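Structure first, then comments.
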Amino acid sequence: MAGRKYVLAAILMVLVVLSATSATLPLVKAEQKKEVVLYTHGWWQPYPRNRYNPFAPRHIGLTGLVKERLAFWDKLNNKYEPWLAESWEFKENEKKVIIHLRKNVYWHDGQKFTAKDVWTTLMLYKLFNRPIWKYISDVKVIDDYTVEYDVKEWSYLLPYYLLYRDAEIVAPYHIYGKFAEQVAKAQSESELNNIRTELIKFEPKTVLGTGPFKFEKITTSEVVLVKFDKYWNADKIHIDKIVLPYITANEVGWLYYRSGQLDYDVFMMPPAVYDEIKKLPFAEVTKVYDLSGFAIVYNFKNPYLRDLRVREAIAYVIDKQKVAQAAGGSAFEPVDYPTGILKVVEDKWIGDIKSYLNPYNTNPSKAEELLKEAGFTKKNGKWYTPDGKVFKLSFVVPGGWTDWVAAAKEITDELKNFGIDVELRTPESSSYWSEDWYLGGNYDLAFDFFGAWMTYPWAAFNRIFIEVNDRPKSQIQGQDFEKFFENVKLGGPFSGTVNAMQLTEKLAVIWDPKEQKDTAQKLAWIVNHYLPIFPIAEKQLMIYYNVQHFKWPDPKTHFNLWQAAAGGHQEALGWMIINGYVQPNPSYWEATSTTPTPTTVVKTETQVKTETVTKTATATGTSTSAKTCGPAVLVALAIIPLLMRRRR
Amino acid sequence: MLDTPIIEVRDLKVYFPVKKGIFGRTYYVKAVDGVSFEIPEEGIFTLVGESGCGKTTVGRTIVGVVKPTAGKILYKGKDTSKLSKEEYLEYRRNVQIVHQDPYSALNPTKTVFQSLAAPLKRWGIAKSRNELREKVSELLELVGLNPPGEFINKYPHQLSGGQRQRVVIARAISVNPDVIVADEPITMIDVSLRIGILDLLLKLKEEVGTSYLFITHDFGAARYFSAKGGGSIAVMYLGKIVEVAAAEEVIQNPLHPYTKALISSVPVADPELSRKRKPLKLKSLDIPSPLNPPSGCKFHTRCPYSTDICSKVEPELKEVSPGHYVACHLYQG
Amino acid sequence: MDGSSSALKGYMPVLKWFTKRLLIALITIYFAVTLSFFVVKAMPGDPVQALIQMFVSQYYMDYDSAKSLAEAAAPFIPKGSVLHQYISYLISFLHGNLGVSISYSTGTPVKDLLIQSIPWTVLVVGSALIISFAIGILIGTGMAYVHGSKIDSFLAVFFSVIRSIPEYVVALVLLIVFGFHFKWFPTRGAYSPNVTPGFNLPFIKDVLKHAALPILSWVIVHVSGWALSMRASTVTVLGEDYITYAKIRGLPSRRILVSYIGKNAILPLFTSFMLSIGFMFGGSVFIEYIFAYPGVGNLLYQAITMRDTYLMLGVFNIIIVAVVISALIADILYGVIDPRIRRGA
Amino acid sequence: MGNERILEVKNLVVHYLTARGPLPAVNDVSFSIEKGRIVGVVGESGSGKTTLALAILRQLPRLTRIYKGSVMFHGIDLVKLSEKEMNEIRWKKISYVPQAALNALNPTIKIIDHFIETGNAHGINDKKLIVEKAVEIMKMLNLEPERVLYGYPHELSGGMKQRVLIALSMIFEPELLILDEPTTALDLLTQRLILDLIKDLHRRTHMTVMFITHDIATIADIADDVIVMYAGKLMEKGDVFTVFKNPHHPYTKALMSSIPDLTGDINKMRSIPGSLPDLINPPSGCIFHPRCPYAFEKCKREEPPAVEIKPGHVVSCWLYSKQ
Amino acid sequence: MKMAQNGSSFSELIRNAVEDWIIIPGKIIARNKRGLVGLIIALGYLFVGIVGTHIIQEPQSFTCIPYEPPSILKWPPSFEHPLGCDYIGTDILAQIVYGTPIVLQIALTAGLITTIIGVLVGLTAGFKGGMVDTVLTGITQIIMTIPGLPLIIVLSTVIRTYQPWTIGALIAIRWWTGLAMSIRSQVLSIKQRDFIEAAKVLGMKTHHIILREIMPNLISYIAINFVFAAVGAIYASVGLYFLGVLPISTYNWGVMLNMAYKQAGGGASVAALHYFLAPILAIVLLQTGLILLTYALDEVFNPRIRTEVS
């Protein structure tokens, strides 16, 4: 009899509780804001095993905040600044590098940081054949704070690998020492294999590092870090806690931005969102170069695409400006000269040969000319190949990457309008970056990065001529791709023939700036003239930061700090924090801590700030009750007719 | 009659497998358990019995929608189980059925014309559309739906119960059958129209020469139909015929205790008479489960006259006076 | 019924029926598992390849060591012909071993991942199911009471339209409006960092808050279906003689509502309710994806995008088993609830 | 028999509200029932006899309204009573046995609960008392109380269900019992049993009974008075002996000769020509005139008044009107 | 066919067909307000799908100002871009229009295949009974236990399809089961009716019994389920495009939704809200129309209502 009543009561209660608690939530948070908390996103979900082992796939990284490298890499100037290392000596003659470590550094479990830990980490990197071991043959512990590297191959990239790329010290000896010793002693590949398997299965208790913040916990929605009190530079750090909510999608990041729930992040924003976020009184957005962009890759397996004229024609059809706009107007800039050299260093490397370079401004009539020259014919607005078939190309981009997909759609439309039949395919991204699609060369046109996150041009040319994700270009762009660039006839300001692959390798090892420039210019000219790929637009990183909560370094004067966020925004944040560039904004944090009741705090806060804040800010005392009632009233409204019905 | 009967049923048995509850175990219901009778050419044979006695199953077996478990059905002297395919089809066409429920017997989505034209087309009785219309109109007139034009394009829901039953009869006779199994044709019809339907069937017997197996639970209807058409009545109980005789003989002079009980229970539309009557009281009102029928005479559990022999030996159907057969130990001499 | 004469005799057929029903369930599971194995196996994309690419791009390894590492990290990826894989999969399935995930911290047993995710889905979808069922029944009964009226026909159309609005649309709108605009509810995940998981009030409150929007989305979409079926069922019951007769007997309307209309009208909905419970693990992909809720649906989405074959199979099989079991339970319970079946009509 | 009129129906009109307009299911019916008598109401399907019963109980289906008239029960007009007052009378004073019985019991609760809830609904909360009463009545009706009370409806045969319903209607020993086709759809022998039980019950309790049926022979068997209805109209009423010996109304006559019974002359039996009228567009004048062999001009034009040709014997037909 | 020799009967046949299939349904739908609204909406989409692409220019990027909101908020309104423009200045209305035939194709294919398989399996199982029934029911129930949406997601990656027809077929693969089971139970109940037995006794052939006796009683049910299957297919396909699981083809509401949400920021920015809402409204309106249409479909095949109208 009464069962129905109880069900009803239970539902009502659940809803009332839900709405009541939800309304009180912001108040509780406001109260806790006495400790300075910074929000930036993370992408880790807590799953049962191996999240803390730095050698396991999908482990929790947190470089720059929890873990540190030997040096900070100023990407803009290609300079290295001491971090875990205090100083270093590159001895070319002895083929040795000596690194002096910082003293007073502690692991988060309280153990002292020594050279042994560097050795351990590097031995384990050896186990996984990390690139640094292409350049060095051994690592030696000289004393507690000195490490010596025996260099195998002297290269301009040494500092990059030794101090930055493979210099993240993640494995303290007291935990990983046994593995490192095994590696040092190991004789055969099978032994190494066993160690690898063992190491991957190893489950440490927590994420361990030496950085300014200590890993506290991971929940289904967040990772929480707290300030490490024994950090050597702890006095300069004024942030007590960093919370990294789990966000994997841009669109969700924007929503966090809008509501002021993030303090620092780099989600790519389309113009509409960018404009809106910039208008927020508490938000600031600084754009830096991502040091990468996207390019069309021509597959040389396709007989028509082997013809330079066809590649050029396609380049002339594409409107780089529009494609960049489609990919995301505020985040992409069209390439001026498709050479592979990044814009930020364009003047430095190719400033004096620009007149010899082709910008490939959109020119359909030129494209038509080129195609006709190549034997193509146009009938009813459609192009036919010299052997009379419809000129049809497949265009493959990774499905989940909406900016690329949007750009690819625009390119497809442009090519279709021009009369080339292009079929756009969007396989799932994990499948795209595998031998099923791009890496297996299964496409006519595809997208790839160019620039490769380094201002020194070697990385870009390496990706163009040598390998992508350690797969040779012959696998990606056709068996005879290399043949095309073995004997390249130079033109413009240069003459003679060169081997593009050899030039690229040369660029890696030479230290002489003049020689570097000459080599890079030749390679840039080759790319620009022979179009192995066609770079279209460069990406820009939009760094969002909350100026209401924190004070940040001025982008005008400290551009290099912001530019460092390219390829590692958390690391840049860590660097800014330990150097005291990020300070809590007293007007925000002190106001909160001095006022007794949190409710009024939020109120005054919203009144002081602009009107936009009032609308979106956290709940005020008066609106709380109204919100509590909201859902309850809705439910009640739905039930009233029923109750009335029954009474009859 | 000297002619071979048009239908002869010999020792027919029909058992149905039945699942009891959801918990498995298959039992067999002996719906018809050894029934023999014949329908004379242009004659009437009536089966009377309470619900569940198996009378409908007999009818459905004769028209061929239920397969007999044992026994034979002879059509014009020929065993129907041994007919060639064409002969069997011919037999099926010649034996038609009129169902109890005129609401369920007509496809609600088809007009009267569509319902009647389909069998005519199937058997090539009428071919062109005009021919079909003519023939259908003829049929409707024959069953008393006048004028046919008023009914031909109507859907079943636009007709009254009596009119529907007439359409059903028209459909049954459309293929010129020899025999019609009339399975409770008036039970669902309004009281005031029932005799009309019976009269129509009798009229068809006269005019077209149809024979009937008339199945009913209503002694009044059985009497009316059989007596007017000169047929006999058989009373069924739990899958068996317990008494057969000419119509009036069964009504006026029932011999089997079961028949007696039934007939004495029928209400009479005469207040004085009905108040004087003393219905035969049975030992029990519960019909035994057909899954587990009593031994011996199936009626012995309820029969006020039962003796020891009744529970042991099953009485056979014997002629006790000319044309009057009873299956009861009381009359076995 | 003479079952009482011998207790054992009475239960034998039940036992027999149960065995038969169980056998059918097992056969169904077998075929469904087999079917999904081959479908998933037919998916393009080698899981080892996906792993290699991850190593190369995220950890800067060279291809060969990435390959050996991938193979080392994934010793569980069976080699050999598909048939061989199938058999070994079946055998380990029988042992309760669902294989190992390659996408989530490679090497984590799928079982562990499922054990982590299932409670969240049960919480969200389970309570949403119960809430929507309860509300749906209330609304449906109300509509049946006024069936034929303007309100009823309006509501009938309204609910059919609501029912056809895709759940991702509802979830998105709720997320944007209540999560970000009004900030009434948290938008992602299952609980906040400032609470300690366990049986304590702040944690429970926090979990409920996080579950609110996913539950609400589900309820909005599904309540209409229940309301409409309940309406139909109640209208049928309202036309039954026993309702009229109960009214004539002067039974109080509450009694008629509960034990006459309620009981008899809910019975036919019961089976589909049980089946919905079975399907709840597979039915929440969109909602869990949108709210980043760490349930089975999200796990499945991740598994598919990462080509995590065994994780996918694990989720599929959990759903299949859940569906079959809930159908089995529905059959048994139906027998218990409905006397007509319990006592063999 | 006493002359106290326990129920008086006056000019009762009940409408079904259909999409095509109101349908008078009961049209201007007046009669009275004397205490202790069995009154049989006979009519074909659609004659409005069940509607009449439900109207007396004020428990009409949806979209059905009492349009006009009164139902006086002990001098109180039931039509005007509030729902609460009506509930006092319903079941305690007037109870009802529904037609068919197949589906009148809740399939999901036990028989005993039907008794208990009915008792509870009318203020008797003593379970034991109700069960005792139920057992007593059931014994009177030849039912085994132990077996029946603790079973579910689907476990009972049709005859048993019908008897349970009668028992249920008797627990308050009502003054007036309305039986709506209690024997239809039952086997002949069960029909006979139910009729005998009702007679027996009547003899013992002297309650007043209104017996509704389509079978005129059953009326002859059980009733003291008879009311003949056709298409919502009262055609003829009177003492059962008088009416059956000497039916006056052409419809009554035709109805009697259309029943194939066991005693009558089969050659005199014939059906009534034509079919039932459409009640939304009824024929003008006497509603039976299209099927009446005696119909004359006036029948088509004017509705015949009810004429009492003998005390207690009323006929609505122009043949007997003095006008 | 046979009737050709008689000219008058042939024209009569045509007249009857027109009467049965156009005039009477038309009258019924016209009587039913909901149905009429539904039909108008459905026909509107059909018109847009068939004719729209010939009237409206193919969507072109950079033909209007990016993020231009719907003209209705502006004065004077812009007739050129009634629904505004997306993030690269493509007319949204044109995208909706060019997406319509694709969505309709998916819906139609899914509806047809679901209906055909469902009806075939259900009819066969219900009509034949016995072993055939056991086997078919068994298969259907096994397929039913496999979760629907996940199966479609996996299959779509297996088949890697870009054709709307194939996507429709893919969606139908799992969805026919429910229809098959309910058709089966309906056939079982129709089989019990006396007119089927009468047809058998009259010697009617099996195809006549199935097509002429059973089918007309199922047709409204089938028609309604066809619409529901179509509605479900729209929902599923758009959802899968939104999840990004189906390969992106040029114009499709799901792709629009995906792009609007992820690329243009429709969920986060007011400027792009119209782009986000346009496909949602297109879906919801079409679904509403189709659902309303089912109310009329039920009546179109009901002989009671047919006779009331004619």
Side-chain angles (χ1 to χ4, degrees), chain B residues 48-53 144 159-163 186-200 216-228 247-248 251-252 258 261-275 277 279-282 284-287 302, chain D residues 40 42-47 142 157-160 183 185-193 195-196 199 213-224 226 230 239-245 251 254-264 266-267 269-276 278 291:
Chain B
V48 196
E50 290 182 284
S51 56
C53 71
L159 304 175
S160 73
Q163 289 165 341
I186 58 165
T187 308
M188 311 273 282
I189 308 289
D190 271 325
V191 180
S192 63
L193 303 170
R194 287 182 176 178
I195 284 190
I197 298 290
L198 295 182
D199 284 343
L200 168 64
T216 182
H217 71 279
D218 180 352
F219 273 92
R223 172 186 176 229
Y224 182 85
F225 193 69
S226 281
K228 267 206 155 174
E248 289 289 2
I251 304 297
Q252 309 306 341
Y258 178 61
L262 286 178
I263 288 179
S264 63
S265 299
V266 178
V268 199
D270 180 340
E272 279 167 23
L273 190 63
S274 78
R275 260 148 246 235
R277 287 204 315 165
L280 181 64
K281 282 260 189 288
L282 296 183
S284 151
L285 267 176
D286 299 329
I287 300 171
R302 303 170 71 189
Chain D
V42 67
E44 294 175 76
S45 59
S47 62
N142 276 351
S157 70
M160 285 158 91
T183 57
L186 295 178
D187 272 332
L188 199 51
L189 296 170
T190 320
Q191 262 183 44
R192 169 55 49 197
L193 172 84
L195 287 179
D196 289 348
K199 278 190 211 165
T213 181
H214 69 277
D215 182 7
I216 201 153
T218 308
I219 297 282
D221 198 282
I222 196 167
D224 302 320
V226 61
Y230 176 73
D239 176 65
V240 73
F241 294 95
T242 323
V243 172
F244 274 77
K245 274 273 140 62
Y251 175 69
L255 190 63
M256 285 181 168
S257 60
S258 75
I259 309 296
D261 69 358
L262 298 185
T263 50
I266 53 171
N267 294 317
M269 298 174 186
R270 47 185 43 81
S271 65
I272 308 175
S275 51
L276 293 167
D278 176 2
R291 301 174 76 184

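A note on names: the letters A, B, ... follow the listed sequences, proteins ahead of strands, and every chain is numbered from 1. Because the structure is predicted, anything quoted here is derived from the model rather than measured. Every heavy atom of this structure was used, including side-chain atoms; hydrogens, water molecules and symmetry mates were not.
Heavy atoms of D:I222 lying under 4.5 Å from chain B belong exclusively to its backbone. Contacts of B:I197 with chain D are absent, with no heavy-atom separation under 4.5 Å from either backbone or side chain. For chain D, the nearby parts of B:L262 are the backbone and the side chain; heavy atoms of each come within less than 4.5 Å. Both the backbone and the side chain of D:L262 come within contact range of chain B, each with at least one heavy atom under 4.5 Å from a heavy atom of that chain. With a 4.5 Å cut-off on non-hydrogen atoms, D:D215 touches chain B through its side chain but not through its backbone. If you measure heavy-atom distances from D:A223 to chain B, the contacts under 4.5 Å come from the backbone alone. Both the backbone and the side chain of D:M269 come within contact range of chain B, each with at least one heavy atom under 4.5 Å from a heavy atom of that chain.
Shown here for D:D261 and B:R223, the closest heavy-atom pair between the two residues is O-NH1, 2.6 Å. Taking each heavy atom of B:S265 and D:R192 in turn, the nearest pair found is O-NH2, 3.1 Å. When all heavy atoms of B:P267 and D:A217 are compared, the pair lying nearest together is O-CB, 3.6 Å. Closest of all the heavy-atom pairs between D:I266 and B:A227 is CD1-CB, 3.5 Å.
Looking at heavy atoms from C-beta onward, B:D190 lies out of side-chain contact with D:H214 at the 4.5 angstrom threshold. Side chains of D:R291 and B:S192 form a contact here, defined as non-hydrogen atoms less than 4.5 Å apart. Between B:Y224 and D:I259 there is no side-chain heavy-atom pair separated by less than 4.5 Å. Between D:T263 and B:D270, every side-chain heavy-atom pair lies at or beyond the 4.5 Å cut-off.
Qualifying ring-ring contact (aromatic ring centres under 6.0 Å, His included) partners for D:Y230, counting only residues two or more places apart in sequence or in other chains: D:Y251, D:F288. In terms of the side-chain hydrogen bond (donor to acceptor under 3.5 Å, both in side chains) criterion, B:K281 has no residue partners (sequence neighbours excluded).
Of the possible polar contacts, one joining the B:R275 side chain to the D:A220 backbone as a donor-acceptor pair under 3.5 Å is found.
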message = side chain to side chain contact (heavy atoms under 4.5 Å, CB included) for D:I272 and B:L193? Distances and angles first, verdict last.
response = CA-CA 6 Å; D:I272 308 175; B:L193 303 170; 5.6 Å; no

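Interface check for chain B: of the options D:G46, D:A254, D:G159, D:G264, the most heavy-atom pairs under 4.5 Å are formed by D:G264. Ranked by heavy-atom pairs shorter than 4.5 Å toward chain D, the options B:D218, B:I263, B:I251, B:L198 are led by B:I251.
B:D199 and D:S271 share no donor-acceptor pair across their side chains, judged by distance under 3.5 Å alone. In this structure, a donor-acceptor pair under 3.5 Å is present between the side chains of B:S51 and D:D187.
For the atom pair D:L188 CG and B:E50 CD, the distance stands at 6.5 Å (nearest 0.5 Å). The structure places CG of D:L195 at 10.0 Å from OG of B:S274, a figure rounded to the nearest 0.5 Å.
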